[in-house]
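Please read the structure below before turning to the comments.
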Amino acid sequence: GAVVSQHPSWVICKSGTSVKIECRSLDFQATTMFWYRQFPKQSLMLMATSNEGSKATYEQGVEKDKFLINHASLTLSTLTVTSAHPEDSSFYICSTTPDYNEQFFGPGTRLTVL
Amino acid sequence: AQSVSQHNHHVILSEAASLELGCNYSYGGTVNLFWYVQYPGQHLQLLLKYFSGDPLVKGIKGFEAEFIKSKFSFNLRKPSVQWSDTAEYFCAVSSNTGNQFYFGTGTSLTVIP
């Protein structure tokens, strides 16, 4: 299966700062990547679909200006949490799909906002 | 819209007990079905998947699932659980033409040695 990496694995920041999370597809070119958010003991919530070379498609209720997604290359998508607040603390997970039949997940990034 | 229901939120079993986790979905078309597992502190891993063919699917670590189209179900089973099976289990559905996955709310399994 596809290998997906995320960086950083854990980030702690002060309220009001912005945090960038990277998602890399290591062994194939991913035109589409997905960003999920997972709260403790809960399921994954799809935040947005990241498309290489075009704007991301956000799910209803997800603030575009809050969660900036950039998919500038076929192997890298970034999620920037702007002006982070404690309620943004969560586990952020990205995934890629070679053929829309199966998704391969990154290890996730734990964001803690103080 | 598609939706996925997992009715068991938290299951506690003793080692060697049999396991069955329920998963029901709502979608009128052809679907692909998945079970993912998330061990403590680790990322999601695919246990098994169903696209077509034999509705009884065998996955890794002795897990299997049966697709029953008439019941819109894809229940996960294992005849004898081990302590190492303690994890969160997520059922997921996607349409065979779409590019979105819909996850169930997850079932937390705790296996007592």
Side-chain angles (χ1 to χ4, degrees), chain A residues 1-10 21-26 30-52 54 56-62 71 77 90-110, chain B residues 1-12 21-25 29-53 57 59-60 86-110:
Chain A
V3 180
V4 182
S5 71
Q6 284 185 241
H7 177 81
S9 57
W10 192 1
I21 302 170
E22 294 183 348
C23 176
R24 292 184 184 274
S25 174
L26 300 182
T31 55
T32 302
M33 292 184 176
F34 302 92
W35 285 97
Y36 293 85
R37 186 172 178 176
Q38 185 180 28
F39 291 100
K41 303 293 185 182
Q42 295 189 29
S43 187
L44 280 74
M45 182 192 77
L46 179 65
M47 298 175 66
T49 302
S50 170
N51 303 297
E52 188 269 336
S54 65
T57 303
Y58 289 82
E59 294 299 299
Q60 193 172 15
V62 178
H71 194 154
S77 175
S90 191
F91 201 56
Y92 293 88
I93 302 172
C94 71
S95 72
T96 65
T97 175
D99 56 8
Y100 298 118
N101 282 329
E102 182 177 343
Q103 292 195 11
F104 297 91
F105 292 88
T109 296
R110 184 173 303 284
Chain B
Q2 298 183 41
S3 67
V4 183
S5 299
Q6 290 182 243
H7 307 296
N8 316 103
H9 297 295
H10 194 182
V11 174
I12 302 174
L21 301 181
C23 173
N24 289 89
Y25 66 93
T30 305
V31 295
N32 298 325
L33 298 157
F34 308 82
W35 275 99
Y36 286 89
V37 61
Q38 188 175 32
Y39 296 103
Q42 296 188 27
H43 63 281
L44 282 166
Q45 300 174 40
L46 181 68
L47 267 182
L48 48 79
K49 61 187 177 184
Y50 172 81
F51 290 169
S52 64
V57 180
I60 61 172
T86 295
E88 293 278 335
Y89 292 81
F90 296 95
C91 181
V93 170
S94 74
S95 69
N96 67 342
T97 56
N99 62 355
Q100 287 189 337
F101 272 49
Y102 296 88
F103 283 88
T105 51
T107 297
S108 175
L109 172 65
T110 302

- request: Applying side chain to side chain contact (heavy atoms under 4.5 Å, CB included), name anything that partners B/S5, two or more places apart in sequence or on another chain.
  value: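 Result, side chain to side chain contact (heavy atoms under 4.5 Å, CB included) vs B/S5: B/H7.
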- prompt: Do you know which of B/Q45, B/Q6, B/Q38, B/Q42 has the most heavy-atom pairs with chain A at a distance under 4.5 angstrom?
  reply: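 With the most close heavy-atom pairs to chain A, the winner is B/Q38.
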task: For residues A/F105 and B/F103, establish whether the separation of their ring centroids is below 6.0 Å.
output: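 Aromatic pair counts; centres sit under 6.0 Å.
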query: If you measure from OG on A/S5 to NE2 on B/H43, what distance do you get to the nearest 0.5 Å?
result: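 Reported value, rounded in 0.5 Å steps: 11.0 Å.
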query: Between A/Q38 and chain B, which part of the residue has a heavy atom less than 4.5 Å away: side chain, backbone, both or neither?
result: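 For A/Q38, side-chain heavy atoms alone lie under 4.5 Å from chain B.
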